[in-house]
Amino acid sequence: MDYSKTVVVAVVVPAIWLLLKKLKRSDIADMHGPDTSDTSWSFILGHLKLMAHSESGGVEKLFLDNYGSVVRFKAPFAENRLWVADPKALHQIFHATSYLYRKSASSREMNAIIADPGLLAADGATHRRQRKAMMPAFGLTASRELLPRFVEVVDKLEVMWKDLLEESPVELVEIDVAGWLGRAALDVIGNAAFDYDFGALEGTENPLTRSYLNLLSVAFGTKPLPKNILISDASQYLPRGLLTWIFERDKSPGSVRMRENRKYAREVAKELIDTKRQNIENGEMGNDVLSLLIEGSGDVDGVMNDVEIASQVRTIMLAGQETTAKMMSQMLWELAKNPEYQTKLRAELDDFVSVKGNADFTATDLESLSYLNAVIKETLRVHTSVPDIIREVSEDTMLPLSKPVIGRSGKTYNEIFVPKGSVIHASLAGYNTNPDVWGSDARVFRPDRWFEQGMKKADTPLGIYGGLMTFSAGERSCIGWRFALIEAQAFMARLVREFQFSVVEGKEIRIYRPGLLEPLVVGEEDKGVQLPLNVSAICRGAHFH
Ligand code: HEM
């Protein structure tokens with residue numbers, strides 16, 4: 001079968017499937033939402049192009065302001081889908097037991113193809129077993145012990161930025177913080193998760209390192225082509241064999257880069273597992289994530305074989321690097337745009353150092369820095385790296401709502417009927433910026449809100465950190481959130497203490513949301529992801545470095 005026939009199959013199979021599905025009763029069709037007269041709608045893609053090409057926060061604002069927290073939109077071939085940012089509904093979706101709202105087949109299949117069948121792709125009992133085996137390696141104690149490894153990388157970054165400043169004829173240099181933090185985060189994950197040196201900051205010529213830099217940005221593209229949007233969505237109806245067939249032949253830069261990465265990453269994962277196993281047999285136990293995974297794999301309940309462990313290596317690389325790098329660069333961008341918050345954070349860090357007598361922050365020190373943690377939370381809230389998670393309903397069910405919704409028919413709903421097979425876009429970004437939850441200034445970056453009593457207007461408990469949905473919630477929430485948090489604390493405490501950040505006049509930055517949030521400079525979109533900021537050194541008296 002040639003490629004064009006495959007695309008035809010990718011259109012016909014879902015179309016028939018959807019016609020059958022439309023015959024089922026559902027309340028989704030009665031919810032308000034954008035209609036088919038909207039210029040962004042097409043029969044083939046529905047509103048998916050509008051969503052994939054929107055700027056960060058764009059869809060969430062459009063939906064919340066015009067239709068509320070529960071919205072019906074069109075998926076390909078006129079399928080009605082639900083977009084949800086309502087706290088009570090999200091609580092049900094993420095906390096219902098027995099995988100009632102299963103991760104969609106499209107997300108699982110694509111994850112299995114791009115990162116092998118690790119935790120992101122697993123489902124049901126396999127997911128539960130793998131997650132149980134992995135939890136100890138991501139617990140509080142294990143994550144705190146990684147701090148010296150994070151510090152090792154930020155030490156290097158600090159020296160490199162100071163060298164750039166020393167070489168500069170002026171006191172300030174323009175630095176693409178997204179590029180630098182992307183390389184630093186790759187070195188962090190190599191070091192802390194696998195004891196592997198990518199040499200990304202030093203620019204070592206390593207094909208694996210090259211293939212990982214901005215991998216997800218290249219894979220999704222900042223404005224994905226209609227063909228890719230359709231195939232990615234249709235992947236829930238197509239068998240894995242056919243999807244793999246399409247992926248292996250696709251010549252788009254994203255698929256080419258993914259295949260290249262897979263080739264090198266599989267080789268290195270195997271070598272790393274062999275070396276670690278040998279080390280453990282020789283009584284040398286490392287504290288990196290991989291050593292803990294291998295050691296824990298002997299546990300009867302949580303057992304994972306080497307193929308699964310190798311898949312977890314690739315899954316962790318995919319899930320833990322660009323997410324954290326983007327989050328840290330967005331934090332520096334917010335501080336550059338809001339110098340008053342930057343000054344306040346630096347004052348907190350300086351005061352702490354002067355009382356302590358040195359700047360060697362321990363994990364407990366970092367945890368106690370309340371303004372640092374407020375700025376981190378506010379960044380995670382306003383810039384939700386994974387804006388939506390797609391879930392499929394595995395049994396007919398009622399979805400409860402926080403407040404009544406009046407449908408298009410005039411009927412009032414306190415809960416809505418969603419039949420088996422319905423697809424729901426659970427909006428993490430929508431929840432994080434929902435005025436019903438965070439108040440009327442929900443879209444404004446304002447770290448001080450974290451010190452205000454009654455700051456949250458909704459009392460449904462959600463999320464695993466700060467009541468935010470950024471790391472998702474429930475059985476499939478981010479396993480690496482403590483790793484990401486301690487890494488961000490260590491990096492931000494150091495960088496904000498040592499450097500001043502300001503915006504570059506004349507360079508307008510926009511953030512798009514095809515996969516993760518991707519910053520681009522207006523007029524320089526062809527250069528891909530970048531976030532340039534002006535950086536200068538902080539000059540303080542003599543001591544405490
Ligand atoms: C700011 C940084 C991060 C953000 C915003 C983030 C966000 C998320 C989200 C939203 C999910 C759920 C995805 C889904 O259900 O499809 C997830 C899952 C996951 N994350 Fe993270 N993540 C971050 C950092 C990390 C790090 C540093 C690691 C590892 C070192 C990691 C490893 C994982 C893994 C393995 C999963 C799959 C969990 C499962 O399905 O049980 N993440 N992450």
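Just so you know, these numbers use all the heavy atoms, side chains as well, and skip hydrogens, waters and symmetry mates. Each ligand, and each atom within it, is numbered from 1 in the order the structure gives. For this chain, numbers begin at 1 and follow the sequence in order.
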SB check Asp306 Lys270 (cutoff 4.0 Å)
no
Phe138 neighbourhood, listing ligand 1 atoms whose heavy-atom distance to it stays under 4.0 Å
29 (C), 30 (C)
Value for CZ (Arg391) from NZ (Lys103), rounded to nearest 0.5 Å, stands at 7.5 Å
Tell me: protein heavy atom nearest atom 26 (C) of ligand 1, and distance?
Gly320 CA, 3.3 Å
Ligand 1-proximal atoms of Ile189, by part, heavy-atom distance under 4.0 Å:
side chain
Which residue owns the protein heavy atom closest to atom 13 (C) of ligand 1, what's the atom, and how far is it?
Ile389 CD1, 3.9 Å
The reported gap from CG in Leu380 to OG1 in Thr384 (rounded to nearest 0.5 angstrom) is 8.0 Å
Tell me, please: is Trp481 in heavy-atom contact with ligand 1, that is, under 4.0 Å?
no
Give the numbers and elements of all ligand 1 atoms closer than 4.0 Å to a heavy atom of Gly480.
26 (C), 27 (C), 28 (C), 29 (C), 31 (C), 32 (C)
Is the closest heavy atom of Gly118 to ligand 1 under 4.0 Å?
no
First locate atom OG1 of Thr209, then atom CG of Leu213, and finally report the distance between them rounded to the nearest 0.5 Å.
7.0 Å
Among all protein heavy atoms in this structure, tell me which lies nearest to atom 6 (C) of ligand 1, with the distance rounded to 0.1 Å.
Phe471 CD2, 3.7 Å
Closest to atom 35 (C) of ligand 1 among Leu428, Ile316, Ile479 (heavy-atom distance)
Ile479
Contact atoms of ligand 1, heavy-atom distance to Ser477 under 4.0 Å
38 (C)
What part of Leu119, side chain, backbone, both or neither, has a heavy atom within less than 4.0 angstrom of ligand 1?
both
Relative to the heavy atoms of Phe483, which atoms of ligand 1 are at a distance of less than 4.0 Å?
27 (C), 30 (C)
How are the rings of Trp161 and Trp180 set to each other: parallel, tilted or perpendicular (split at 30° and 60°)?
perpendicular
For Phe63 together with Trp83, are the ring centres under 6.0 Å from each other?
yes
To the nearest 0.5 angstrom, please state how far the CZ atom of Arg277 sits from the CD1 atom of Ile309.
5.5 Å
Below 3.5 Å, N or O to N or O, backbone or side chain included: is there any such pair between Arg131 and ligand 1?
yes
heavy-atom search around atom 19 (C) of ligand 1 in the protein gives Cys478 CA, 3.7 Å
Shortest protein heavy-atom distance from atom 10 (C) of ligand 1, along with the residue and atom involved:
Thr470 O, 3.4 Å
Note: Arg449-Glu378 ion pair, threshold 4.0 Å (strictly below)
yes
Can you confirm whether the side chains of Asn287 and Arg149 place a donor and an acceptor under 3.5 Å from each other?
yes
Closest by any non-hydrogen atom to atom 33 (C) of ligand 1: pick that one out of Ala319, Gly474, Ala473.
Ala319
Do me a favour and list the nearest non-hydrogen protein atom to atom 37 (C) of ligand 1 with residue, atom name and distance?
Leu120 CD2, 3.6 Å
Among side-chain atoms of Ser402 and Asp436, is any donor-acceptor pair under 3.5 angstrom?
no
I'd like to know if Glu202 and Lys156 make a salt bridge, using a cut-off of under 4.0 Å between side-chain N and carboxylate O.
yes
Would you mind telling me if ligand 1 is within reach of the side chain of Ala488, the backbone, both or neither, using heavy atoms under 4.0 Å?
neither
Give a yes or no on whether a salt bridge exists between Arg183 and Asp187, defined as a side-chain N under 4.0 angstrom from a carboxylate O.
no
Option with minimal heavy-atom separation from atom 41 (O) of ligand 1, where the choices are His127, Arg482, Met327:
His127
What atoms in ligand 1 come closer than 4.0 Å to a heavy atom of Ser385?
5 (C)
Give me the nearest non-hydrogen protein atom to atom 23 (C) of ligand 1 as residue plus atom name, then the distance to 0.1 Å.
Thr323 OG1, 3.6 Å
Of all protein heavy atoms, the one nearest atom 16 (O) of ligand 1 is Lys103 NZ, 3.0 Å
Say whether, by atom type as modelled, one donor and one acceptor occur between the side chain of Gln489 and the main chain of Asn373 under 3.5 angstrom.
no
